[in-house]
Amino acid sequence: MVVNAPDPSPVFLQRHEFFVDMTCEGCSNAVTRVLHRLGGVQFDIDLPNKKVYIESEHNVDTLLETLKKTGKSASYLGEKSVQ
């Protein structure tokens, strides 16, 4: 007998915007490195505007502490709607 389990509820990722004081491609590479190491994230880096957009199930504190591991100043700017 096969019993079908109900589909798990869909996971909604939150999209967060952070300021990271990046001045060059090396800085953005450092952000890429720490976020890949953390895992479970999708992100976009806007180097000219010094912003990082992250979609993740991780909480904001975890994401912010991860970004600070780059040695750059980082701050949370707010939640953005995922489109």
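In this chain, residues are counted from 1 in sequence order. Remember, it's a predicted structure, so these values are computed and weren't measured experimentally.
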Residue pair Met22, Val52: steps toward the side chain to side chain contact (heavy atoms under 4.5 Å, CB included) verdict:
CA-CA 10 Å; Met22 302 173 288; Val52 180; 3.9 Å; yes
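- Identified under the side-chain hydrogen bond (donor to acceptor under 3.5 Å, both in side chains) test for residues 23-37, with sequence neighbours left out: none.
- Linking Ile, Leu, Val, Met, Phe, Trp and Tyr residues whenever their side-chain heavy atoms come within less than 4.5 Å places Leu47 and Val41 in a single cluster.
- Nearest heavy-atom pair, Gly40 versus Ser56, reported as atom, atom and distance to 0.1 Å: O-OG, 3.3 Å.
- The distance from the CG atom of Leu67 to the CZ atom of Phe19 is 11.5 Å, given to the nearest 0.5 Å.
- Considering CG of Leu35 and NZ of Lys69, their distance stands at 10.5 Å, rounded to 0.5 Å.
- If you chain together hydrophobic residues whose side chains sit under 4.5 Å apart, Val31 and Val60 fall into the same group.
- Taking Glu65 as the reference, nothing meets the side-chain hydrogen bond (donor to acceptor under 3.5 Å, both in side chains) condition, with sequence neighbours excluded.
- Annotation: side-chain hydrogen bond (donor to acceptor under 3.5 Å, both in side chains) contacts of Tyr76 (sequence neighbours excluded): His16.
- For the pairing with Phe43, the side chain to side chain contact (heavy atoms under 4.5 Å, CB included) check across Leu63, Ile54, Leu38 returns one residue only, Ile54.
- Remark: Leu64 engages Phe18, Lys68, Ala74 in a side-chain contact (heavy atoms from CB on, under 4.5 Å) (not counting sequence neighbours).
- Of all non-hydrogen atoms in Lys72 and Cys27, the two that sit nearest each other are CE-SG, 3.3 Å.
- Sequence neighbours left out, the pairs with a member in residues 38-53 that pass salt bridge (Lys or Arg N to Asp or Glu O under 4.0 Å) are Arg15-Asp44, Glu17-Lys51, Asp21-Lys50.
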